[in-house]
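What follows is a single structure, written as structure tokens, with notes after it.
Naming convention: chains lettered A, B, ... in sequence-line order (proteins, then strands); numbering from 1 in each chain.
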Amino acid sequence: MRIAVLLSAGLHPVSGAPVLPRVEAQAIRLAAGLAASSEIFGLHAGPEAAAVAEALGQGLDRIEHVAVAAGEDPVPALVARLAERAPDLILAGRRSQGGDESGLVPYALARALAMPLMPDVVAAAAAEDGALRLDQSLGRGALRRVLVRGPVVVTCHPDAPAPLAYAYGRARRGRVETVAIAPVATPAPALAAEERPYRRRPRIVKGAPAGGSAAERLKAATGESGPAGSGRLLIQPDPEDAAREILTYLRQIGVVAAPAEPKT
Amino acid sequence: MTRPRRDPRAEWAAQFVAGAGLRPRYDRTRRAAAGRPRRDPRSEREAQRVGAAARPRYDLGQAGRPLGEAVVAPPRSVPEAPQTIIVEAPAFLVAVVPDAPGGRLSGHDRQVLGAARALAGREGAVAAIVEGACEGLGAAGADRVLRLEAAEGYDPAARAARVEAALAALAARHTLFPESLDGGDLARRVAVGLREPLFTNAEVVAAKGLVRPARGRRVEQSLAAPRFATVAPDAAADYAGPPREARAVPIDGPTPPPPKSILSATRIPADPATVPLSLAEFVVSAGNGLTDLDSFRQVVAALHATPGASRVLCDAGLMPRHSQVGASGTVLAATCYFALGISGAPQHLQGVAGCEHVVAVNTDLHAAMIERAGLAVVQDAQAVMPALLRLLAQETAGRATGAGKAP
Ligand SMILES: Cc1cc2nc3c(=O)[nH]c(=O)nc-3n(C[C@H](O)[C@H](O)[C@H](O)COP(=O)(O)OP(=O)(O)OC[C@H]3O[C@@H](n4cnc5c(N)ncnc54)[C@H](O)[C@@H]3O)c2cc1C
Ligand SMILES: Nc1ncnc2c1ncn2[C@@H]1O[C@H](COP(=O)(O)O)[C@@H](O)[C@H]1O
């Protein structure tokens, strides 16, 4: 099996220094765990090859670098190279880090290559006759196990297993190769947005109606109007009654399943 | 802005009392055409007089009204049911594609509908595109509803194709998606499929424009409302006005589904026993007031919850350290927190701050946990736990034999 891992040039969210985004390191681990005998290579499109050299120490032996001018859409170059190499599995991060963070690159690639895309995968394993068994995160620890066939684009979710440890020797042995490519696809339409320094905004107070008065907002913020405000207090009830009340309450808010109807 | 010019001569003329002898007489109590009504302290005082006894008595508590001028308050109408707002011929449409898991709007869906309502303003209409039946769309702010036929199984590509076809037919000015796991995925598929740029993860949605964070939240990008956008959670307020019409709009026949690549999809629910405490949905927690940890573990298993504990129990080695809830343990994001024998120290309550519902059992009426709880039971936890277990066992037995009746 041939696996391509897409690497973007990430920036650290705090220091702004170049760094390999964590989800992409996790994607490398997913690829490494999938099949030891398969060919795994990284692919980066950008002006600098050095930006992704860190990935060599995280478990890749070879990275292909396609030169693309800074600020240009990397998708046409990536599509051209991936069409040439025809990998069976393309792994990408869920969102890049330090750029636009829009997460559109894998979707544009899947569309251009006419491949299916499976988002937010946390585990991957090979199944019978060439199919892949992927576990998608549904949040809160729930998973969806999907069986897919054939070349597929997969994006990796941050809940996937932690990346492999950085190994200096591997980083020294690995190599980054620059390949020349003639892009074929047309770049995606871009939005001309205006930029300014980030400003934190107050979070929406849950339960406060839009256009409500200041007193209503204060009530919602202090929880007086919520369930805490209308709390029920049972003083020294019979334990059986207390248990019944608790169970009814838990069912009402939907955290405990209702008792199944007795079969008649 | 100019005030109307006063004409004192005309005011005097209006107050003139005709036929009152030679000397001209003016009735100064007569109200001027505009402005504040003139007070008449004498008649106000008279109105406060109670009884007709020789010695006058006044009720100063009642606001004095001049006797002659009966105040007719407009009859207070009973607040009627708010009228449904109908937008007959909208100037433009704002489409929303909610996730609506299980035919019910999530909190995030409501926020996106509220954001769409803000974009639509008075002239526009909000059109929700849902799969299968979905309730509460009108109250959440939808003027129109497009119902796609629900598909079985998990096939995001087919769903995206259906939504694309519906959006192409609708010709909406803006389309909003929730930036959730499924909604964000669908938005990207649809935008790439229609070759439209997508404005992702908008944190401000207003008619003036949308704002999103970028480059690790160091800059923000703003744009006049784009055609396609996804809205971050907790970025917009729910729609709070009177209910909308949610009129059903017919749509064309089914679109041919794209080739299937998914062989099978099964949902694996989170295992409450192993899910990390910070992700758990329902946490049952034990404190220093519990002595019977065996029945506590049985209660946790019977309720399908994730076990938690206060620091005292973790320090004593009775519960594992990774189950500690609180400032120096895990901060929960659970929907419900069930505290047994926990006093509710500030360090512990910090971990529970994000929980929507709290149930507490404690012998102390004045414990902080009792105050925080939505359902508080002042009772011995050692007695409540076996009662809970008995109740749950009864229900299971009733289900098995088919004779029992759930309360
Ligand atoms: C720096 C610092 C950090 C801390 N961080 C944490 C933290 O992260 N998490 C944390 O939990 N604590 C933390 N603590 C400790 C915290 O201050 C409290 O000491 C601790 O939370 C108290 O635990 P408790 O409520 O279980 O015990 P107690 O305070 O002893 O309360 C026991 C409660 O059980 C009730 N009770 C007794 N018998 C029964 C019965 N039979 N049935 C029902 N109820 C009964 C009592 O009325 C009482 O309210 C921290 C403290 C410090 C100083
Ligand atoms: N220039 C690039 N070269 C290779 N892969 C990229 C590039 N940009 C983005 N990707 C991949 O696409 C994912 C999502 O990126 P983005 O759409 O920019 O948020 C990243 O995690 C990478 O795996």
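Counting heavy-atom pairs closer than 4.5 Å to chain B, the top residue among A:Asp100, A:Val152, A:Val256 is A:Asp100. In terms of heavy-atom pairs under 4.5 angstrom with chain A, the leader among B:Ile268, B:Leu223, B:Asp182 is B:Ile268. Between chain A and the options B:Ala214, B:Ser264, B:Gly193, B:Ser278, heavy-atom pairs under 4.5 Å are most frequent for B:Ser264. Most heavy-atom pairs under 4.5 Å with chain A, from the set B:Pro386, B:Pro269, B:Cys336, B:Pro272: that is B:Cys336. Heavy-atom pairs under 4.5 Å with chain B were tallied for A:Gly10, A:Pro13, A:Gly254, A:Gly98; the largest tally goes to A:Gly98. Taking B:Thr200, B:Asp185, B:Leu388 one by one and counting their heavy-atom pairs under 4.5 Å with chain A, the maximum is reached by B:Asp185. Considering only heavy-atom pairs separated by less than 4.5 Å from chain B, the leading option among A:Gln136, A:Glu245, A:Arg95 is A:Arg95. Of the listed residues (A:Ile235, A:Ile253, A:Val148), the one with the most heavy-atom contacts under 4.5 Å to chain B is A:Ile253. Here B:Arg195 is the residue among B:Met385, B:Arg195, B:Glu179, B:His304 with the most heavy-atom pairs under 4.5 Å with chain A. Contact count versus chain A (heavy atoms, under 4.5 Å) is highest, among B:Ala280, B:Ala236, B:Ala157, for B:Ala236. If you tally non-hydrogen atom pairs under 4.5 Å between each of A:Asp135, A:Val146, A:Asp241 and chain B, the highest count goes to A:Val146.
The two residues B:Ala383 and A:Pro239 have their closest heavy-atom pair at O-CB, 3.7 Å. Scanning all heavy atoms of the two residues, the minimum distance from B:Val377 to A:Ala242 falls at CG1-CB, 3.8 Å. The two residues B:Gly374 and A:Tyr249 come nearest to each other via the heavy atoms CA-OH, 3.9 Å.
When heavy atoms are compared at a cutoff of 4.5 Å, A:Gln97 does not approach chain B at all. Residue A:Arg133: no heavy atom, backbone or side chain, is found under 4.5 Å from chain B. Looking at B:Asp380, there are no atoms closer than 4.5 Å to chain A (heavy atoms on both sides), in backbone or side chain. Of the two parts of A:Arg201, only the side chain, counted from C-beta on, holds a non-hydrogen atom closer than 4.5 Å to a non-hydrogen atom of chain B. Interface residue B:Ile370: only side-chain heavy atoms are found under 4.5 Å from chain A. Of the atoms belonging to B:Asn201, not a single heavy atom falls under 4.5 Å from chain A. Only the backbone of B:Glu196 comes within less than 4.5 Å of a heavy atom of chain A; no side-chain atom from C-beta onward does. Only the backbone of B:Ala334 comes within contact range of chain A, judged by heavy atoms closer than 4.5 Å. For A:Ala192, the part lying under 4.5 angstrom from a heavy atom of chain B is the backbone only. Both the backbone and the side chain of A:Val255 come within less than 4.5 Å of a heavy atom in chain B. Of the atoms belonging to B:Phe338, it is side-chain heavy atoms, and not backbone ones, that fall under 4.5 Å from chain A. With a threshold of 4.5 angstrom between heavy atoms, B:Ala305 does not approach chain A through any atom at all. Heavy atoms of A:His157 lying under 4.5 Å from chain B belong exclusively to its side chain. Using a 4.5 Å cut-off between heavy atoms, A:Leu250 touches chain B through its side chain atoms alone. Both the backbone and the side chain of B:Leu263 come within less than 4.5 Å of a heavy atom of chain A.
Side chains of A:Leu247 and B:Leu392 form a contact here, defined as non-hydrogen atoms less than 4.5 Å apart. No side-chain heavy atom of B:Gln379 sits under 4.5 Å from any side-chain heavy atom of A:Leu234.
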Ignoring hydrogens and angles, write down the donor-acceptor pairs under 3.5 Å from the side chains of residues 111-122 of chain A, residues two or more places apart or on other chains.
| unit_1 | atom_1 | unit_2 | atom_2 | d |
| --- | --- | --- | --- | --- |
| A:Asp120 | OD1 | A:Arg94 | NH1 | 2.5 |
| A:Asp120 | OD2 | A:Arg94 | NH1 | 3.3 |

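Atom CG of residue B:Leu391 and atom CZ of residue A:Arg244 lie 6.0 Å apart, to the nearest 0.5 angstrom. The distance from atom CD of A:Glu195 to atom CD of B:Gln221, rounded to the nearest 0.5 Å, is 4.5 Å. Remark: A:Leu143 CG to B:Asp271 CG distance equals 10.5 Å, nearest 0.5 Å.
Put simply, the side chain of A:Arg199 never gets that close to the backbone of B:Glu220: no donor and acceptor are under 3.5 Å apart. Side chain of A:Glu101 to backbone of B:Gly216: a donor-acceptor contact under 3.5 angstrom is found. In this structure, the side chain of B:Arg188 engages the main chain of A:Ser102 through a donor-acceptor pair within 3.5 Å. At least one donor-acceptor pair closer than 3.5 Å links the side chain of A:Arg140 to the backbone N or O of B:Leu279.
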One pair to check against side-chain contact (heavy atoms from CB on, under 4.5 Å): A:Leu233 and B:Leu365. What are the steps and the verdict? CA-CA 9 Å; A:Leu233 180 63; B:Leu365 172 59; 3.7 Å; yes
Test side-chain contact (heavy atoms from CB on, under 4.5 Å) on A:Leu147 and B:Thr266 and set out the steps. CA-CA 9 Å; A:Leu147 210 62; B:Thr266 44; over 6 Å; no
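Around atom CD of A:Glu194, no more than 12 heavy atoms belonging to other residues, nucleotides or ligands sit under 6.0 Å away.
Among residues two or more places apart in sequence or in another chain, the side-chain hydrogen bond (donor to acceptor under 3.5 Å, both in side chains) test is passed with B:Ser222 by A:Arg196.
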